[in-house]
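No hydrogens, no waters, no symmetry mates; every other heavy atom, side chains included, goes into these values. Protein chains get the first letters and strands the later ones, always in sequence-line order, with residue 1 at the start of each. Just so we're clear, the structure is a prediction, and the values are computed from it rather than from any experiment.
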Amino acid sequence: MLMDMQFAVMGAGIGAGLVAIGAGIGIGQIGGSAMEAMARQPEAFGKIQTAMLVIAALVEVIALFGVVVCFLIYTAGTAAA
Amino acid sequence: MTKDGTLKICKKLIICGLICLFSMSSLQRAYASDASEGEGFNPGDMINHHIKDAHGWEITHGVVVPLPIILYSEPDGLMIFSSSNFFNNGHEEVAYKGYLLSHEHISRVDGQPVYDFSITKNVLFIFIDATIMLLVFFAIARGYKKNVGKAPKGVQSLFEPVIIYIRDEVVKPSIGDNYQKYLPYLLTLFFFIWFGNLLGLIPGAANMTGNIAITAVLALGTFFITNFSGKRAYWSHIFWTPGVPWWLRPIILPVELIGVLTKPVSLMVRLFVSITAGHIVVLSLVSLTFIFHSWMVGFGSTVIVTLITIIELLVATIQAYVFTMFTSLYIGMAVEEHH
Amino acid sequence: MDLLIPDYGLLFWQLVVFSIVLTILAVFVWKPVTEALRTRESMIEDSIKSAELAREEMMQIKADNEMVLKEARVQRDQLLKDATIVANKIKDDAKSETSKISEKMILDAKSIIESEKNAALAEVKNLVSTLSLDIAEKLIREKLNNDPSQQQLVEKFLKEVKVN
């Protein structure tokens with residue numbers, strides 16, 4: 001039982017890491033595209049920045065899902081252990 | 001330097017001192033819990049204790065503000081008493097009038113069902129949030145009555161750009177011409193979430209907007225407003241999706257119906273997760289100091305926590321904006337007359 | 001897992017408080033605030049519009065002034081031109097008049113001179129004829145005396161004539 005929980009906690013960590021990879025790719029793409037757009041249209045800097053932040057926040061929530069799920073499994077694991 | 005200026009600087013210094021005191025005390029609490037338990041510091045318990053609701057407001061370790069407990073049960077009817085009754089002088093849990101508070105859950109000693117409507121830490125923060133909103137916006141309304149047609153002054157000029165931004169950049173483009181009807185709800189929503197998020201960042205405060213019950217009510221409001229204001233085009237899009245072959249329509253119908261539900265659910269979960277996870281991240285980084293028992297790590301984590309807190313300030317605003325934005329988008333989709 | 005399960009007590013309080021706040025703010029704050037914002041915006045818009053109008057009017061007036069000025073200038077130029085023409089004409093007239101008068105005067109003078117000359121010539125002729133007659137008479141008289149003396153006499157009389 002103890003072993004299972006340790007595996008569960010490990011799995012939670014791995015899952016959170018995978019989510020972080022996905023979110024990182026997402027935010028990276030948003031940032032890259034936004035930079036490109038800003039370079040092309042420097043006069044639209046403010047608008048692009050706002051949109052970039054908002055979309056980055058949306059993607060970040062996905063990563064935070066990982067954090068919360070990881071935390072839930074961690075607490076469940078430590079409680080069971 | 002004028003006397004007024006000195007007074008202002010004194011005020012700022014006092015506020016800074018208070019903030020420092022609160023931050024220090026939350027660290028002390030974490031450390032103290034480590035020492036008292038004696039079996040090593042458990043960051044999970046500390047974080048859980050912070051992000052969950054409680055029947056007393058523990059500002060710092062050992063300093064608990066008792067809050068009113070409101071219970072309803074069949075044999076006793078409505079009961080109101082202080083939460084401090086559940087603890088004796090040694091801070092041990094004791095039964096009071098046949099009720100027991102254990103792990104923030106109130107139960108009857110005899111096992112009968114009991115309904116708990118207590119003013120918990122989060123309810124207290126709902127009240128604080130509401131009070132701040134009322135104070136701020138009544139001051140603003142007074143300002144608008146006082147200087148009609150003139151430039152805004154004071155707190156009025158602080159919030160006017162935000163109100164205009166929400167109206168012109170969020171609500172108007174999403175909903176269209178008929179936006180006036182929904183503006184009060186959306187403005188209240190935005191400021192409730194924003195103030196709640198910012199309140200939650202104060203050390204010692206409750207994780208109010210990071211509680212799924214609070215976000216659920218907000219999302220429910222959006223759900224009802226969206227569906228009650230749905231026009232013919234909205235419902236026909238769900239039940240008789242245009243532009244697809246007839247045999248696909250029965251397959252699309254459940255998908256569309258699920259879509260109706262997932263919209264508010266996504267709103268609810270997004271806000272809950274982003275605020276709660278922000279708190280978890282900050283507290284985890286603070287916990288590192290006590291896990292490693294090293295002042296070096298403490299120094300490093302303080303720097304990172306400061307940066308994360310600055311990002312959290314941004315997130316607090318963006319999440320309020322996103323919630324309002326999506327709500328107005330959903331309403332806009334519902335009130336759209338035709339494609 | 002209880003992190004994900006909403007607590008009914010919290011749901012209840014949030015519902016109550018949020019509805020109350022929404023109602024109070026909608027009635028006492030958002031309505032006057034949005035109305036004040038709208039009136040102020042329309043006021044600003046109106047004032048901008050009226051300023052635009054005033055500017056246009058100003059431009060119109062300016063253009064009118066410009067036109068009047070231009071007309072006046074043209075008129076002045078015309079007047080000046082006319083005046084010059086008239087003056088020139090008067091000058092020319094005066095010149096021609098004087099030249100005519102002087103011509104006439106010259107002509108008169110010439111005719112007077114002519115007639116005077118003629119008269120003088122006639123007188124000279126008369127004188128010459130009388131003189132010649134006198135001379136002839138005297139000559140004839142001398143011839144009757146002697147020849148050389150006659151010559152002398154003629155010269156003598158001629159001298160006398162010259163003295164005259």
Side-chain angles (χ1 to χ4, degrees), chain B residues 48 51-53 70 103-105 115-120 122-124 126-127 129-131 133-134 136-138 140-145 147-152 156 159-160 163-164 167 180 183-185 187-189 191-192 208 210-218 220-221 268-269 272 276, chain C residues 1-70:
Chain B
N48 251 328
I51 60 176
K52 276 188 189 162
D53 206 358
I70 302 167
H103 288 103
E104 299 304 335
H105 183 73
Y115 302 100
D116 180 7
F117 289 101
S118 309
I119 307 293
T120 58
N122 279 335
V123 176
L124 178 71
I126 298 171
F127 285 149
D129 192 358
T131 314
M133 278 182 81
L134 290 177
V136 166
F137 290 113
F138 269 95
I140 289 173
R142 251 204 317 281
Y144 277 105
K145 258 177 225 145
N147 29 0
V148 178
K150 283 189 206 148
Q156 193 192 352
F159 282 101
E160 192 187 292
I163 295 171
I164 290 177
R167 189 194 63 183
Q180 289 287 353
L183 195 57
Y185 173 70
L187 283 171
T188 314
L189 195 64
F191 285 109
F192 188 88
M208 194 261 279
N211 189 298
I212 201 148
I214 275 93
T215 60
V217 171
L218 298 175
L220 216 64
M268 172 180 88
V269 174
F272 155 70
T276 301
Chain C
M1 226 28 214
D2 51 354
L3 204 60
L4 294 179
I5 298 160
D7 179 56
Y8 57 88
L10 214 48
L11 278 175
F12 166 76
W13 282 111
Q14 163 71 355
L15 194 63
V16 169
V17 175
F18 189 74
S19 322
I20 291 170
V21 169
L22 176 60
T23 321
I24 292 176
L25 287 184
V27 173
F28 294 108
V29 175
W30 301 131
K31 216 177 131 206
V33 165
T34 46
E35 259 164 32
L37 281 176
R38 223 176 317 143
T39 46
R40 195 166 69 202
E41 270 155 21
S42 60
M43 216 165 79
I44 289 169
E45 213 166 289
D46 284 355
S47 50
I48 286 173
K49 233 180 240 169
S50 62
E52 194 88 357
L53 222 73
R55 218 186 58 190
E56 254 167 43
E57 230 163 75
M58 197 77 173
M59 294 275 268
Q60 190 65 43
I61 287 168
K62 226 170 154 185
D64 283 0
N65 277 350
E66 200 84 355
M67 220 158 79
V68 167
L69 218 71
K70 217 170 166 184

Fill in: Over all atoms of both residues, closest heavy-atom pair of B:Ile212 and C:Ile5
CG2-C, 3.9 Å
Item to complete: Under 4.5 Å heavy-atom distance to chain C, tell me which part of B:Ser118 shows up: side chain, backbone, both or neither.
Response: backbone
Practice prompt. Against chain B, label C:Glu41 side chain, backbone, both or neither, depending on which of its atoms sit under 4.5 Å from a heavy atom there.
Written response: side chain
Worksheet item: Which bit of B:Arg142 comes within less than 4.5 Å of chain C, counting heavy atoms only: side chain, backbone, both or neither?
Response: neither
Worksheet item: Step by step, would you call B:Tyr144 with C:Arg40 a side chain to side chain contact (heavy atoms under 4.5 Å, CB included)?
Response: CA-CA 10 Å; B:Tyr144 277 105; C:Arg40 195 166 69 202; 4.1 Å; yes
Worksheet item: Non-hydrogen atoms of chain C under 4.5 Å away: do they reach the side chain of B:Tyr115, the backbone, both or neither?
Response: both
Response to the item:
chain C shares the most heavy-atom pairs under 4.5 Å, among B:Leu187, B:Leu189, B:Asn122, B:Leu183, with B:Leu187
Worksheet item: In terms of heavy-atom proximity below 4.5 Å to chain C, should B:Phe192 be classed as side chain, backbone, both, or neither?
Response: side chain
Practice prompt. Specify which of B:Ile70, B:Val123, B:Asn211 makes the most heavy-atom pairs with chain C at under 4.5 Å.
Written response: B:Val123
Item to complete: Tell me the residues of residues 7-29 of chain C whose non-hydrogen atoms fall below 4.5 Å from those of chain B, in number order.
Response: C:Asp7, C:Tyr8, C:Gly9, C:Leu10, C:Leu11, C:Phe12, C:Trp13, C:Gln14, C:Leu15, C:Val17, C:Phe18, C:Val21, C:Leu22, C:Ile24, C:Leu25, C:Ala26, C:Phe28, C:Val29
Worksheet item: Which of residues 50-64 of chain C have a heavy atom under 4.5 Å from any heavy atom of chain B?
Response: none
Discussion item. With a 4.5 angstrom heavy-atom cut-off, is it the side chain or the backbone of B:Asp129 that approaches chain C, or both, or neither?
Written reply: neither
